There are 4 protein chains.
Amino acid sequence: MSNAQNPARARRSESSRQAILTATRALISEVGYKTVSIEAIAARAGVGKQTIYRWWPSKGAVIFDSFLALSADVDGQGMALPDTGDIESDLKLVMRATVTEFADPDFERPIRALNTEIINDPDLATQFHEKLARPVDEAKKARLRSAQQAGQLATDADLDLVLEVLYAPLFQRWLHRSGPLTAEYADCLVDITLRAFGP
Amino acid sequence: MSNAQNPARARRSESSRQAILTATRALISEVGYKTVSIEAIAARAGVGKQTIYRWWPSKGAVIFDSFLALSADVDGQGMALPDTGDIESDLKLVMRATVTEFADPDFERPIRALNTEIINDPDLATQFHEKLARPVDEAKKARLRSAQQAGQLATDADLDLVLEVLYAPLFQRWLHRSGPLTAEYADCLVDITLRAFGP
Amino acid sequence: MSNAQNPARARRSESSRQAILTATRALISEVGYKTVSIEAIAARAGVGKQTIYRWWPSKGAVIFDSFLALSADVDGQGMALPDTGDIESDLKLVMRATVTEFADPDFERPIRALNTEIINDPDLATQFHEKLARPVDEAKKARLRSAQQAGQLATDADLDLVLEVLYAPLFQRWLHRSGPLTAEYADCLVDITLRAFGP
Amino acid sequence: MSNAQNPARARRSESSRQAILTATRALISEVGYKTVSIEAIAARAGVGKQTIYRWWPSKGAVIFDSFLALSADVDGQGMALPDTGDIESDLKLVMRATVTEFADPDFERPIRALNTEIINDPDLATQFHEKLARPVDEAKKARLRSAQQAGQLATDADLDLVLEVLYAPLFQRWLHRSGPLTAEYADCLVDITLRAFGP
DNA sequence: CAATAAACGAGACGGTACGTCACGTCTTACG
DNA sequence: CGTAAGACGTGACGTACCGTCTCGTTTATTG
């Protein structure tokens, strides 16, 4: 944990790292993914380009890390889903929140940028799942497991599959802008999923 | 339709257009989305850069059109799905074929390139749905409608939603490389969908 | 002579070429050789860097051409040396003028820059002799030949050697700052040379 | 001489100093002047960059010192020229040796590097004359003085000027690659000089 | 059936950003 | 405290493409 144990990395400037990640997030929000350049990030962060190239292998990795840093702040706190005992209303609450989140324009550009990188870089996709998606999915699966024990969900249901059926249609609609994202749509997906995986 | 009716475009060189679209597909297959440049397309097609800029508004539009041209060949023929009378086995056949298609490495790079463009360009997304996705979806919905009439599917089922539940999980897995794409998975999605939307 | 005969070069922008050479001369005078960068030249000339790299192989070549362009203006006019019939006074006049020229601070930096490039680049050295030094040397040798016919110089004197004995000491003093450059020194070199190569 | 007399420098690592000067000479011989970098010298010498910056004000100073260190080895021994009593044959011997030396490719790059630095840095030029050129010139002038006493050279000849007439043409030819350096040329320069400064 | 005007190939142009290299300064850990 | 190591902010390097802009040269009607 101490620097003495990891001397090779002791030299890395934490303040530069933070400045880079912050500048990256700011630029993505302001100008969108395609226009963000390493030069602009370095200039905004008050940092040499080499400092970016030294520690990140690609622009995608910087963008990814800038998200990771954000979620790391949240990570510590429990991210458990609400559990009122009624899986249907709990899921609808969560799904409606997700719909709202996707509708936020400040959310739009960064997440599209992140997806653009992930789609074209298998390594980033792996990192994405391990570091960003998994913790959230585990919280969701915990709630689903509780529903199974309550007899509201088939005990043999593959919970990963349940999450896919629940979220993938929403994600696809958002990504391809192929339909409206409404509270009704969120409810509908919950209903469908519970019918499919009900006891 | 005739040149006389559209004299402004009368001079456009069809051979250059074909050469550009062919070169685009070839380059995407060879070097992937990120490395494809307008200059490379022009050079490969034996065409001046200006000829590309004259007729397409963006690189994404060229990429999109290069796909459109491919599917246009197929369009004429009916793309009706098989109809043996058994919706479950018919859908499983189709879904397994889709899984196979997604697993083809030659298919990989072009479709990721196309998705990259669509994600970041609403206009292209609209075009994508109208010209590429809709015809295919209509064929699928025709088969689902036949299943409804045969009492194998709820009569009030929203067929667009059925397609989303059926395909979105598969699409998301492929796009994010978040899980294996197998025949079992295809079957499983059909089973889930039929349970959710069964009569 | 017409563009039709030399179509490959017809496209080169003469205005850009002039702007680059002018900017180069200005920058060398202002900041000295070591600080001149291609980027600065391009910026000052209002030109893309590629336009420089397209037409010149090295920074040295640009610097060299910026001098060549200057002397080209002068080239047309005859550059014959004075010929009063008295080789001694004529040479002293010319040598004193050379000493004065070398003492001009505006002359200092550009010529040192030019020499720096020539020393380290054989190609440039060749170009230097063919395009810049030779015409001047020929004019000087013409005057020396006239002196030979007048019986003021040995008829078998190697005129190239005469020029070297006359000018090389001066050049070396200036280049290495190894001694004062005065009118007396100029006169002295003429005296020595005439004694060495006299009849 | 002892550390006690110069305590401020007592800590300076002599082994690092030698390693730096040796590495500098090696690099100049290998890659030429333009490509030699402080970083490369430090890496080759196994030395921190700061150690170079601490003790030398510029790259030119390092290069200069790397030559100085070489000649210092030779300095101690007398560097008197041969004196057979015949100035002509003695000078021809020395000049032919100089021509041979200049023709040595191992000699080429270092001396061009040294001259490049000297041309553009008056301080280095001064150091060059005081520490490197003067001792050699004094040895040569001693031989010339002996010739004066022997009546082979004008008693009022300015010996610095004699050296310039003798060596500057050779130096200029080499520096500008403006002509062949041959034994005949060496002899010729001696003949000219003796005619110019003969009694 | 020329003339003529557009689209064409070619590629130079002013730019932006790339990823690399070296600069000279600064910080850390060691001896 | 001098040192080896090397990260840092800075800035130039030379390259790749961008999108615009001429250049002649097809090419395909239209007066």
Side-chain angles (χ1 to χ4, degrees), chain A residues 3-4 7-13 15-17 19 35-43 45-55 57-59, chain B residues 3-4 7-17 19 35-43 45-55 57-59, chain C residues 3-4 7-13 15-17 19 35-43 45-55 57-59, chain D residues 9-13 15-16 19 35-43 45-55 57-59:
Chain A
N3 285 343
R9 307 247 157 171
R11 309 306 198 74
R12 181 165 185 178
S13 162
S15 67
S16 290
R17 189 178 157 270
T35 323
V36 174
S37 64
I38 299 268
E39 298 220 327
I41 293 172
V47 139
K49 278 198 293 178
Q50 199 60 48
T51 301
I52 300 181
Y53 286 110
R54 194 165 10 240
W55 300 111
S58 68
K59 190 172 78 173
Chain B
N3 285 342
R9 309 242 157 172
R11 307 304 198 82
R12 179 165 187 180
S13 162
E14 179 60 19
S15 68
S16 290
R17 187 177 159 272
T35 322
V36 173
S37 65
I38 298 270
E39 299 220 330
I41 293 172
V47 139
K49 282 198 293 176
Q50 197 63 255
T51 301
I52 298 180
Y53 286 110
R54 198 173 356 248
W55 301 110
S58 70
K59 188 171 79 171
Chain C
N3 284 343
R9 307 244 156 173
R11 308 303 200 76
R12 180 164 186 179
S13 162
S15 67
S16 290
R17 188 177 158 272
T35 323
V36 174
S37 65
I38 299 268
E39 297 220 327
I41 294 172
V47 139
K49 278 198 292 178
Q50 199 60 48
T51 302
I52 299 180
Y53 286 112
R54 189 161 19 236
W55 300 110
S58 68
K59 189 171 79 172
Chain D
R9 310 242 157 171
R11 306 302 199 86
R12 180 167 187 176
S13 160
S15 68
S16 289
T35 322
V36 174
S37 65
I38 300 270
E39 300 221 329
I41 293 171
V47 139
K49 281 196 294 175
Q50 199 58 45
T51 302
I52 299 180
Y53 286 111
R54 201 174 353 251
W55 300 110
S58 69
K59 188 171 80 172

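Everything numeric here is computed off the predicted structure, so don't read it as measured data. Worth knowing before you read on, the calculation uses all heavy atoms, side chains too, and leaves out hydrogens, waters and symmetry mates.
Closest approach of A/A42 and A/G48 over heavy atoms only: CB-C, 4.2 Å. Contact record, C/A19 with C/A45: O-CB, 3.5 Å, taken as the closest heavy-atom pair.
Taking the side chain of D/E39 as heavy atoms from C-beta on, and the options F/dG19, E/dC18, E/dC23, the nearest nucleotide is E/dC23. Counting only heavy atoms from C-beta on, C/S37 has its side chain closest to F/dC13 among F/dG19, F/dC13, F/dC8.
The CD1 atom of B/I41 sits 14 Å away from the P atom of E/dG9 (whole-angstrom rounding). Taking atom CZ on C/R11 and atom C1' on E/dG9, their separation rounds to 10 Å, with Å as the unit. In this structure, CD1 of B/I38 is placed 13 Å from C1' of F/dT20, rounded to the nearest angstrom. Rounded to whole angstrom, the span from the NZ atom of B/K59 across to the P atom of F/dC17 amounts to 10 Å. Separating the CZ atom of C/R17 from the C1' atom of E/dC13 is a distance of 17 Å, rounded to the nearest angstrom. Protein atom CZ of C/R12 is 18 Å distant from nucleotide atom C1' of F/dC21, rounded to whole Å. The CD1 atom of B/I52 sits 13 Å away from the P atom of F/dT20 (whole-angstrom rounding).
Distances shown here put every side-chain N or O of C/T51 at or beyond 4.0 Å from the OP1 or OP2 atom of E/dA12. Checking the phosphate oxygens (OP1, OP2) of E/dC13, a side-chain nitrogen or oxygen of C/W55 falls inside 4.0 Å. Using a 4.0 Å cut-off, no side-chain N or O of D/S16 falls inside it from OP1 or OP2 of F/dG2. Between C/R54 and E/dC13 there is a side-chain polar atom (N or O) within less than 4.0 angstrom of OP1 or OP2.
Residue order along DNA chain F, read from the 5' end via each residue's closest nucleotide, puts A/G46 first among B/A40 and A/G46. Along DNA chain E, the nucleotide nearest to A/Y53 and the one nearest to C/G48 differ in position, and the one closer to the 5' end is contacted by C/G48.
Residue A/Q50 places a side-chain atom within donor-acceptor reach of the base of E/dC21, judged by atom type and a 3.5 Å distance cut-off alone. Checked by distance alone, C/K49 brings no side-chain donor or acceptor within 3.5 Å of a matching partner on the base of E/dG14.
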Step-by-step side chain to side chain contact (heavy atoms under 4.5 Å, CB included) determination, C/W55 to C/R17: CA-CA 9 Å; C/W55 300 110; C/R17 188 177 158 272; over 6 Å; no

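Rounded to the nearest 0.5 angstrom, B/I38 CD1 and B/Q50 CD are separated by 11.0 Å.
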